[in-house]
Colleague: 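Quick one: the structure is below, and I'll ask about it shortly.
A, B, ... follow the sequence lines: proteins, then strands. Residue 1 opens every chain.
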Amino acid sequence: MGDNKLHVLKGIDVHIREGELVSIMGSSGSGKSTLLNILGILDNYDSGEYLLNNTLVKDLSETKAAMYRNQFIGFVFQSFNLVSFKNAMENVALPLYYKGVSRKKRNLMALEYLDKMGLRNWAEHMPNELSGGQKQRVAIARALISQPKVILADEPTGALDSVTSLEVMNILKEVNQQGITVIIVTHEKDISEMTQRVIRLRDGVIEN
Amino acid sequence: MFDLDKWHEIYLTLSRNKLRTFLTALGVSWGIFMLIIMLGAGKGLENGVMQGFGDFATNSMYVWTDNTTVSYKGLPAGRNFNLNNGDIDLLKRNVPEIETLAPRNQLNGYSEGNNVTYNNKAGTFEVFGDYPDMMKIQPKKLMQGRFLNDKDLKDSRKVAVIGKRVYDVLFAKDENPIEKYILINGVYFQVVGLYNTAGTSNMNARETEEIFIPFSTFQNAFHYGNIVGWFAITAKPEYKASMIEEKIKNVLKKSHQVAPDDDRAFGSFNAEKEFGQMIGVFSGIRWLTVFVGGATLLAGVIGISNIMLIIIKERTKEIGIKRAIGATPANIMVQVILESVILTFVAGYFGLVAGVGLLELVAWGLVEFEVEAEMFSNPTVDLGVALKALAALVVAGITAGLIPAYRTTKIKPVEALRAE
């Protein structure tokens with residue numbers, strides 16, 4: 001990340017197997033977001049190795065990184081991060097746009113994924129016309145549409161009430177049951193308890 | 001390949017802040033508008049002045065005599081002398097660069113009251129004694145009959161070619177003037193031709209208040225002996241009239257016993273020199289226009305570049321999202337450059353249309369209301385210039401988008417997503 005190196009993570013040795021449902025916990029400043037950014041190829045690291053699907057991911061060009069993200073990783077964010085001027089369907093279809101899928105085909109697929117999230121009737125709605133839970137489901141549909149190996153969820157329930165949180169978690173569990181690795185960053189205990197494995201971070205190291 | 005999403009997104013981005021987009025676009029529109037208007041006005045001025053020249057041979061010069069100012073070979077200064085028929089052959093022999101040599105004489109009607117009559121109508125007109133070659137130097141548009149010919153000259157026929165105004169004044173409407181006899185200063189001449197001016201502006205209207213008779217007839221009828229009023233001369237295409245002017249004067253000085261250093265004994269007008277200066281002025285105007293207009297346009301384009309930077313700042317998060325889900329830096333750059341080009345092009349196009357529209361309106365108005373603008377006519381911009389301007393706009397748009405587009409590659413998805 002440029003010239004200013006800040007050592008947030010101080011030696012992480014972790015192996016997340018394919019098809020696992022893992023949560024990363026830690027208080028703010030523990031390095032969990034940094035870890036997630038590295039896992040999501042959004043950030044670089046200066047020492048060590050990150051193997052994604054047995055491929056070394058290190059010092060990639062932006063174009064290559066974009067390709068890997070598009071191919072392997074689906075993102076779910078706390079603040080949903082939908083594109084405000086595109087409707088639900090277009091938001092879901094966006095990753096396919098960058099893959100070069102035709103408009104007709106990708107919109108059809110987007111509708112399919114929205115249907116899975118129970119949002120078929122909301123396809124034409126703009127993000128500001130959707131509730132928090134609905135937005136997050138659109139975001140999950142968007143993460144899934146490129147059929148990634150891994151879903152990275154950064155505080156996916158952070159902006160949701162407990163009932164909606166439970167809904168979203170159930171969806172993520174379903175996704176996991178289909179064989180996709182799901183990594184959830186959270187600081188909520190009851191969320192982490194719903195995952196198979198909890199990785200706790202404190203001051204840049206994994207505590208056991 | 002037509003990509004609806006891309007264009008939809010460009011539309012949304014630009015329409016999100018309509019006033020800002022409009023004001024930015026206005027900068028470019030105004031720039032190209034000014035450029036077109038100035039080019040058109042310059043062209044109008046050029047057309048107007050060139051029309052004044054009409055078909056007039058621009059590689060031409062005129063030479064006449066004034067009083068001598070230097071005493072020479074026993075002759076006093078202030079001597080009055082005339083060109084004569086002998087100079088015709090002398091010049092043709094000694095100055096081979098001459099293409100056409102036309103001696104001329106003129107009766108000036110304005111100072112002598114009504115000088116031309118037909119039946120019971122009378123008018124005041126300028127009467128020229130001319131060689132047929134004069135048609136090559138100041139072409140006229142014949143409406144009826146013929147111009148003077150060599151036989152008229154040789155036989156000193158009493159024939160006349162009259163202008164349109166002369167006809168209007170002396171003849172009844174629809175009367176055929178050919179073969180009618182008009183009285184010029186007490187001498188009858190048969191009308192053989194009727195002409196109109198080749199130009200269209202009012203400046204040329206005066207040319208139709210003239211009567212042409214053979215040079216030889218003029219000298220005989222009006223008792224000019226062998227006096228030549230002045231010479232109208234065109235140079236061969238490979239020579240410039242301004243270059244042979246000196247040579248002609250030297251030949252004449254020698255034959256008329258004028259001191260070689262007496263520069264004021266002969267008067268002259270050099271159309272080629274005047275014309276050349278005019279061309280220089282117009283090319284100067286054109287360069288100034290391109291410079292000023294181009295600078296205005298550049299300011300507009302810089303405005304576009306600035307607004308694109310602001311738009312990118314506003315869209316940092318959106319760009320971050322797109323990058324996170326697989327957009328390459330190139331994807332984003334293309335989008336930004338396209339936006340810039342579209343904005344520049346559309347804005348420029350409106351400016352161009354407005355500019356050309358206004359020019360067309362002025363051109364139409366000049367004709368429709370018969371505005372007597374002697375120095376201004378048909379202000380237009382070539383299609384080629386307009387197309388070049390549009391091409392330049394696309395290049396300008398790309399250039400304006402380059403810096404902002406490059407800036408997007410510096411946006412890290414992480415930072416973009418962090419910006420809440």
Colleague: Where does Ile73(A) contact chain B at under 4.5 Å (heavy atoms): side chain, backbone, both or neither?
Modeller: neither
Colleague: Just so I know, are the side chains of Glu62(A) and Thr409(B) near enough to count as touching, which here means a heavy-atom distance under 4.5 Å?
Modeller: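 Answer no - side chains too far apart.
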Colleague: Tell me if a side-chain donor or acceptor on Asn81(A) pairs with a main-chain N or O of Ile321(B) at a distance below 3.5 Å.
Modeller: no
Colleague: Run the side-chain contact (heavy atoms from CB on, under 4.5 Å) check on Arg69(A) and Arg323(B) step by step: do they pass?
Modeller: CA-CA 9 Å; Arg69(A) 281 196 291 268; Arg323(B) 293 289 302 282; 4.0 Å; yes
Colleague: Taking all heavy atoms of Ala66(A) and all of Ala327(B), pick out the closest pair and write down the distance.
Modeller: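 For Ala66(A) and Ala327(B), the tightest heavy-atom pair comes out as CB-O, 3.4 Å.
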Colleague: Of all the heavy-atom pairs spanning Asn70(A) and Gly326(B), show the shortest one and how long it is.
Modeller: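 Scanning both residues completely, I find the closest heavy atoms to be ND2-CA, 3.4 Å.
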Colleague: Does atom NZ of Lys149(A) have more than 12 heavy-atom neighbours from other groups under 6.0 Å away?
Modeller: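 Open.
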Colleague: Side chain from CB out, backbone as N, CA, C, O: work out which of these in Lys64(A) comes under 4.5 Å of a heavy atom of chain B, or both, or neither.
Modeller: neither
Colleague: Do Tyr98(A) and Asn331(B) come within less than 4.5 Å of each other through their side chains, counting heavy atoms only?
Modeller: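 Yes; the side chains approach each other to less than 4.5 Å.
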Colleague: Tell me, yes or no, whether the heavy-atom count around Arg202(A) atom CZ, taken from other residues, nucleotides or ligands under 6.0 Å, exceeds 12.
Modeller: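 Atom CZ in Arg202(A) is not crowded, with 12 or fewer foreign heavy atoms closer than 6.0 Å.
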Colleague: With a 4.5 Å limit on heavy-atom distance, are the side chains of Ile325(B) and Arg142(A) in contact?
Modeller: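 When only atoms from C-beta onward are counted, Arg142(A) and Ile325(B) do touch, with a gap below 4.5 Å.
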Colleague: Is it the side chain or the backbone of Ala324(B) that comes within 4.5 Å of chain A heavy atoms, both, or neither?
Modeller: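 Its backbone and side chain both get close to chain A.
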Colleague: Considering only heavy atoms, which portion of Phe75(A) lies under 4.5 Å from any heavy atom of chain B: side chain, backbone, both, or neither?
Modeller: side chain
Colleague: Considering residues, nucleotides and ligands other than Tyr349(B), do more than 12 of their heavy atoms fall under 6.0 Å from its OH?
Modeller: no
Colleague: To the closest 0.5 Å, what do you measure between CZ (Arg315(B)) and OG (Ser84(A))?
Modeller: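 Reported value, rounded in 0.5 Å steps: 9.5 Å.
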Colleague: Select one option (side chain, backbone, both, neither) describing which atoms of Tyr97(A) are under 4.5 Å from chain B's heavy atoms.
Modeller: side chain
Colleague: For Gln277(B), does the CD atom have more than 12 heavy-atom neighbours from other residues, nucleotides or ligands under 6.0 Å away?
Modeller: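 Yes.
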Colleague: Taking CD1 in Ile403(B) as the centre, count heavy atoms belonging to other residues, nucleotides or ligands within less than 6.0 Å. Is the count above 12?
Modeller: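 12 or below, so no.
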Colleague: Among Ser102(A), Ser146(A), Pro95(A), which residue forms the greatest number of heavy-atom pairs with chain B at distances under 4.5 Å?
Modeller: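 Most pairs with chain B among the choices: Pro95(A).
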Colleague: Would you say Asn128(A) has more than 12 foreign heavy atoms packed within less than 6.0 Å of its CG?
Modeller: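 Yes.
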Colleague: Taking the side chain as every heavy atom from C-beta outward, state whether Phe85(A) and Glu9(B) have any atom pair closer than 4.5 Å.
Modeller: yes
Colleague: Crowded around Arg407(B) CZ? As in, over 12 foreign heavy atoms under 6.0 Å?
Modeller: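 Result for CZ/Arg407(B): open.
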